[in-house]
Protein chains: 2
Amino acid sequence: MKIKRETDHALKCVLHLAQHQDEYINVLEISQQKNIPRTFLAKILQKLTKAGIVESHQGSHGGFKLTRQPAEISIYEIYKVVQGGIEVNKCVIDNKFCDRIHYCSIHPVWIEVQVDIKKKLINTSFADLISKEAVLADGVQRKKAKT
Amino acid sequence: MKIKRETDHALKCVLHLAQHQDEYINVLEISQQKNIPRTFLAKILQKLTKAGIVESHQGSHGGFKLTRQPAEISIYEIYKVVQGGIEVNKCVIDNKFCDRIHYCSIHPVWIEVQVDIKKKLINTSFADLISKEAVLADGVQRKKAKT
DNA sequence: TTCATATAGGACTAATTTAGTCCTTGACTA
DNA sequence: TAGTCAAGGACTAAATTAGTCCTATATGAA
Ligand code: FES
Ligand code: FES
């Protein structure tokens with residue numbers, strides 16, 4: 001389990017959409033606001049659309065918006081859509097990877113780690129992120145004001 | 001944080017040494033027993049030697065053995081030596097990676113995940129693994145006997 | 001109705017990282 | 001002193017990641 005760039009982009013992107021609900025926002029705007037290569041982001045948004053996390057609208061004034069409330073979308077969901085399942089070690093996914101798998105004492109450790117990670121990611125929604133972001137941004141503002 | 005092949009090899013290797021304490025075991029034997037490419041394993045053992053986890057002896061009847069008791073060696077230690085620190089997302093290591101870092105609401109999630117993983121890995125020693133392995137291997141034997 | 005503005009989708013490429021090999025040198029010991 | 005083993009550096013192959021580019025299709029407005 002290592003966050004790929006693609007997933008990182010996807011999370012920022014969904015965060016942006018969550019911060020601008022109920023309007024269609026196009027790829028260019030998100031890519032500029034969140035500093036993501038435009039064409040790459042377009043690909044990511046295709047995945048999110050297929051997965052039903054966002055809905056798209058073509059033509060002028062088109063773009064993307066969330067299909068659900070931010071509180072109903074977890075980090076884990078986005079992670080899973082763009083990156084697939086959590087895979088701490090290859091043998092956890094591919095059971096032909098290691099012949100020791102039937103008695104390997106290390107294996108259960110990875111399983112446990114995965115369960116922990118999954119729990120944490122499921123328990124963080126984009127509503128949580130939005131409110132936290134507001135607080136943090138405010139903190140940065142105050143710091144700047146002081147100097 | 002994704003277990004590399006190299007780390008996986010290293011863990012199996014140390015497990016083998018832990019199961020055969022107090023004798024020097026050479027690269028060839030470990031590589032055969034644990035199914036690891038010989039030359040690659042040699043490299044890994046170099047790292048472990050430098051890190052002081054194993055000690056080496058050259059010449060005939062040479063090889064490697066642990067410098068400490070299995071109970072004193074954690075999975076985390078091996079992980080760290082061969083793979084470096086836990087890095088769930090790049091921004092956690094490289095603070096120039098993302099300009100959002102000062103107020104990013106997602107960032108703390110990765111930090112928490114890392115802390116959890118680290119705890120779990122530190123709390124598993126090779127003594128734990130050895131005893132668990134014995135139980136698991138026994139289970140496999142019993143299953144075979146039944147058929 | 002047609003032009004400007006969007007996304008959809010596939011094929012491709014570049015860059016980076018992972019997973020090794022190979023070869024020469026140096027230590028140990030029977 | 002020959003045979004056996006690790007140390008170390010340089011190299012290569014394979015796989016994955018991180019994108020680009022081009023064409024097609026949908027939409028709304030002039
Ligand atoms: S088989 Fe999965 S860690 Fe050993
Ligand atoms: S800066 Fe680390 S996740 Fe946003």
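Note on naming: letters A, B, ... go to the chains in the order of the sequence lines (proteins, then strands), and numbering restarts at 1 for each one.
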Whole-Å distance between [N] [atom2] and [X] [atom1]?
X	N	atom1	atom2	value
B:Leu41	D:dC5	CG	P	14 Å
B:Arg38	C:dC22	CZ	C1'	10 Å
A:Lys47	C:dT7	NZ	P	18 Å
B:Gln83	C:dA19	CD	C1'	13 Å
B:Lys65	D:dC5	NZ	C1'	17 Å
A:His57	C:dA4	NE2	P	20 Å
B:Glu6	D:dA15	CD	P	18 Å
A:Asn26	D:dT27	CG	C1'	14 Å

Are there over 12 heavy-atom neighbours, none belonging to [X], within less than 6.0 Å of that residue's [atom1]?
X	atom1	result
A:Arg68	CZ	yes
B:Lys132	NZ	yes
B:Lys118	NZ	no

Cluster check B:Ile111, B:Val113: I/L/V/M/F/W/Y, side chain < 4.5 angstrom: yes
Cluster overlap A:Tyr103 with A:Val109, hydrophobic side-chain contacts below 4.5 Å: no
Side-chain N or O of A:His61 closer than 4.0 Å to phosphate OP1/OP2 of C:dA4: no
Nucleic acid footprint by protein, nucleotides 12-17 of chain C - heavy-atom cut-off 4.0 Å, B for base, S for sugar-phosphate alone: ------
Euclidean distance, B:Lys34 NZ relative to B:Asp8 CG, rounded to 0.5 Å: 12.0 Å
DNA chain D-proximal residues of residues 49-56 of chain A, any heavy atom under 4.0 Å: none
Check: A:Gln83/A:Thr7 side-chain N/O donor and acceptor closer than 3.5 Å: yes
Output the single nucleotide from [options] whose closest atom is nearest the side chain of [X].
X	options	value
B:Pro37	C:dG20, D:dG19, D:dA10	C:dG20
B:His9	D:dT25, C:dG20, C:dT21	C:dG20
B:Ser60	D:dT4, D:dA6, D:dT20	D:dT4
A:Lys43	D:dG28, D:dG8, C:dA11	C:dA11
B:Gln46	D:dA7, D:dG19, C:dG9	D:dA7

Over all atoms of both residues, closest heavy-atom pair of B:Val81 and B:Lys47: CG1-O, 3.9 Å
Heavy-atom closest contact (B:Glu87 atom, B:Tyr79 atom, distance): N-OH, 4.4 Å
Ring-ring centroid check B:His61 B:Tyr24, cutoff 6.0 Å: no
Toward the 5' end of DNA chain C, by each residue's nearest nucleotide, A:Ile25 or A:Lys2: A:Ile25
Base D:dA6 paired with B:Gln58 side chain (donor-acceptor, <3.5 Å): yes
